[in-house]
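Bear in mind the structure is a predicted one, so any value in this text is a computation, not a measurement. These values consider heavy atoms only, across backbone and side chains, with no hydrogens, waters or symmetry-generated copies.
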Amino acid sequence: MSKSSAQYSQYPQHHPRDHGRAFHRRPAAVAAAAIPLPDTDDAYTIQHHGKQVRLGPVVFWIVVGTVVLLGLWSAATATYFAFRDDVLTRLIARQAEMQYAYEDRIAELRAKVDRATSRQLLDQEQFDQKLDQIMKRQTALESRATALGAMPDVTGSIPRAAPQRGEANQTTMQGTPKPSPISDTVIFVAPPDREARLESRAPAVVAPPVNQFAKNQGFDNVLARLTNSLDQVERRQVAALNAVEEGMDSRMRRMRGVVSDLGLNLANLEAAVPRAAMGGPFVPVKLAVNAGPFEKQLYRINVTRAEMDRLNRTLAQVPYRKPVVGEVEFTSGFGIRSDPFLGRPAMHTGLDFRAATGDPARVTANGKVVSAGWSGGYGRMVEVDHGNGLSTRYGHLSEINVKVGEIVKIGQVIGLVGSTGRSTGPHLHYETRIDGEAVDPQKFLRAGVRLSAG
């Protein structure tokens with residue numbers, strides 16, 4: 001395809017069949033009119049098998065460009081297939097790397113979740129253990145409080161707190177219950193505030209819902225508050241127990257000291273105490289092997305209490321109490337004095353208590369009436385035997401309310417004050433005798449004051 005081919009097409013071709021024929025030239029004008037001349041600048045002619053195809057320059061270059069693009073595409077495709085294995089290998093490796101990275105990340109997150117779960121389980125287990133310990137401790141404190149509540153009242157076992165300003169007047173008006181003037185050292189009166197200071201149970205700890213409270217302050221604060229509350233209860237219990245033990249020990253020392261000061265034999269006194277109707281199988285006291293300090297101290301207190309009860313029963317036979325009610329006023333003491341009738345020195349074997357006619361005369365210790373009636377200078381007189389050689393006499397009575405052989409108890413009225421016998425006026429003549437010999441009753445009365453001071 002070229003411009004020269006187009007020029008050749010302007011002249012008639014010589015066909016073989018025209019061989020031998022005369023060649024006739026056509027007129028030029030006619031030929032030019034029959035075949036138009038192409039535009040050699042704007043057209044391309046393609047001849048194939050005697051046929052000519054004329055193409056414009058735009059179409060020609062489109063065809064050429066298409067052929068070139070197809071060639072490039074074929075080369076690229078060949079190159080791709082040539083390096084296809086390497087590309088796939090790199091692609092697969094990249095995908096595997098990304099997968100491994102995701103798996104590692106997932107494993108790391110799973111490990112974090114496992115650690116968090118394990119930590120939560122551990123915290124929950126620790127919380128449960130601490131809560132279980134607190135519940136066991138509270139149960140132990142409640143049992144201790146029950147043991148403290150079952151203990152008998154002991155005078156001065158717990159020191160009384162100072163009253164507040166608003167309570168001062170009320171305390172003064174109400175006053176502290178006073179014991180009987182006759183039995184003030186036998187019937188021990190507990191302080192009025194004992195119930196307040198010997199708390200029988202731990203204060204109830206009512207916590208708000210756990211979830212809400214945990215959001216505000218956390219489980220640790222809950223356990224800390226419970227522990228502090230139980231610590232306060234335990235301190236109060238220990239303080240109360242220490243006060244009771246100290247009070248009992250102090251009283252035991254005073255009781256033994258009184259018996260020693262009076263010159264009495266404790267074993268003989270105990271042997272002379274009448275036995276009440278009691279009994280039961282012998283069960284020895286055993287202290288648990290794993291007993292704590294509180295249980296050991298409570299055991300000591302119970303042993304001391306049993307011994308103190310035995311001493312109280314023994315001292316109930318010792319006449320160290322007052323035979324009259326009210327303030328004590330002596331009109332005549334024990335020992336040598338001037339006889340009120342003769343004016344000469346004489347031995348006064350007792351104490352004369354000032355009293356009005358008809359005032360009650362009370363026995364100062366447990367015993368048995370051995371004499372009740374008129375007895376010379378005593379007038380109407382009652383004598384009570386307290387055992388172990390101890391006896392007391394009550395003279396110048398206007399009336400006798402007991403009879404011989406009667407068992408009398410501390411504080412019982414045995415007669416009324418009078419002025420019978422050798423007397424200058426109403427009063428009570430009181431004697432204390434050991435093995436029949438008169439001794440100064442004030443020695444016993446001072447022992448009673450010492451015991452009642454605790």
Atom pair CZ/OG1 of Arg393 and Thr349 - distance to nearest 0.5 Å: 7.5 Å
Evaluation steps, side-chain contact (heavy atoms from CB on, under 4.5 Å), between Val233 and Arg236: CA-CA 5 Å; Val233 174; Arg236 287 195 293 267; 3.5 Å; yes
Less than 4.0 Å between a side-chain N and a carboxylate O, is that true for Arg422 and Asp339? yes
For Ile336, is the CD1 atom crowded, meaning more than 12 foreign heavy atoms sit under 6.0 Å from it? no
Compare every heavy atom of Pro323 with every heavy atom of Tyr394, then report the nearest pair and how far apart it is. CE2-CB, 4.1 Å
Supply the atom-to-atom distance His386 NE2 to Ser391 OG, rounded to the nearest 0.5 angstrom. 7.0 Å
Carefully, step by step, assess Met255 and Val259 under the rule side-chain contact (heavy atoms from CB on, under 4.5 Å). CA-CA 6 Å; Met255 295 170 74; Val259 174; 5.9 Å; no
Could you verify whether a donor N or O on one side chain and an acceptor N or O on the other, from Gln99 and Glu103, lie under 3.5 Å apart? yes
If you round to the nearest 0.5 Å, how far is NE2 of His427 from CG of Asp352? 3.5 Å
If you look at every heavy atom in Leu451 and Arg251, which pair is closest and at what distance? O-NH1, 2.9 Å
Do Met252 and Thr304 come within less than 4.5 Å of each other through their side chains, counting heavy atoms only? yes
Should Leu390 and Val318 count as side-chain neighbours, where that means a heavy-atom distance under 4.5 Å? yes
Name of the residue among Arg446, Arg450, Arg254 meeting salt bridge (charged side-chain N to carboxylate O under 4.0 Å, His left out) with Asp261: Arg450
Are Met347 and Phe334 side-chain neighbours, meaning at least one heavy-atom pair lies under 4.5 Å? yes
Spell out, as yes or no, whether a donor-acceptor pair under 3.5 Å connects the side chain of Asp359 to the backbone of Ala355. no
Answer yes or no: is there a donor N or O on one side and an acceptor on the other, between the side chain of His396 and the main chain of His429, under 3.5 Å? no
Given Ile414 and Val369, is the side-chain contact (heavy atoms from CB on, under 4.5 Å) satisfied, shown in steps? CA-CA 9 Å; Ile414 58 175; Val369 178; 5.6 Å; no
Quick one: OG1 on Thr227 to CD on Glu234, what's the gap to the nearest 0.5 Å? 11.0 Å
Look at atom CD of Glu327 and say whether more than 12 heavy atoms of other residues, nucleotides or ligands are closer to it than 6.0 Å. no
Checking Arg433 against Thr392 for the side-chain contact (heavy atoms from CB on, under 4.5 Å) test, could you report, in this order, the C-alpha distance in whole Å, the side-chain angles of both residues, the deciding distance, and whether it holds? CA-CA 6 Å; Arg433 292 178 173 265; Thr392 53; over 6 Å; no
How close do Val324 and Leu428 get, counting heavy atoms only, and between which atoms? CG1-CD2, 3.6 Å
Please report the interatomic distance CD(Glu270) to CG(Asn388), rounded to the nearest 0.5 Å. 10.5 Å
Counting distance only, does the side-chain N/O of Arg300 pair as donor-acceptor with the main-chain N or O of Glu295 below 3.5 Å? no
Taking all atoms of both residues into account, what is the closest heavy-atom pair of Tyr320 and Phe444, and its distance? CB-O, 3.0 Å
Is the number of heavy atoms from other residues, nucleotides or ligands within 6.0 Å of CZ (Arg354) greater than 12? no
Salt bridge Glu399-Arg380, side-chain N to carboxylate O under 4.0 Å: no
Please walk me through it: do Glu431 and Tyr378 pass side-chain hydrogen bond (donor to acceptor under 3.5 Å, both in side chains)? CA-CA 11 Å; Glu431 290 186 8; Tyr378 289 103; 2.7 Å; yes
Which heavy atom of Gly333 sits nearest to which heavy atom of Leu351, and what is that distance? CA-CD2, 3.7 Å
Give a yes or no on whether the backbone of Glu246 and the side-chain of Ser250 come within a donor-acceptor separation of less than 3.5 Å. no
Less than 4.5 Å apart, any side-chain heavy atom of Val417 and any of Thr357? no
Hey, are the side chains of Ile410 and Arg321 touching, using non-hydrogen atoms and a 4.5 Å cut-off? yes
Review item, side-chain donor-acceptor pairs of residues 401-409, under 3.5 Å, at least two apart:
residue, atom, partner, partner atom, Å
Glu406, OE1, Lys403, N, 3.2
Glu406, OE2, Gln412, NE2, 3.3

Using side-chain heavy atoms (C-beta onward) and a distance below 4.5 Å, is Leu241 in contact with Ile301? yes
From Phe353 atom CZ to Phe330 atom CZ, the distance as rounded to the nearest 0.5 Å: 4.5 Å
Asn265 (side chain) donor-acceptor with Asn268 (main chain) under 3.5 angstrom: yes
Strictly below 4.0 Å, N to O, side chains only: are Asp249 and Arg253 in salt-bridge contact? no
Flag side-chain contact, heavy atom, 4.5 Å: Ser338 against Arg344: no
Do Lys136 and Thr139 touch side chain to side chain, with heavy atoms closer than 4.5 Å? no
Atom CZ of Phe341 with >12 non-hydrogen neighbours under 6.0 angstrom: yes
Is it true that a side-chain atom of Thr432 and a backbone atom of Pro441 form a donor plus acceptor pair closer than 3.5 Å? no
Restricting to non-hydrogen atoms, name the atom on Ala356 and the atom on Pro426 that form the minimum distance, rounded to 0.1 Å. C-CB, 4.4 Å
Arg94 atom CZ, neighbour heavy-atom count above 12 within 6.0 Å: no
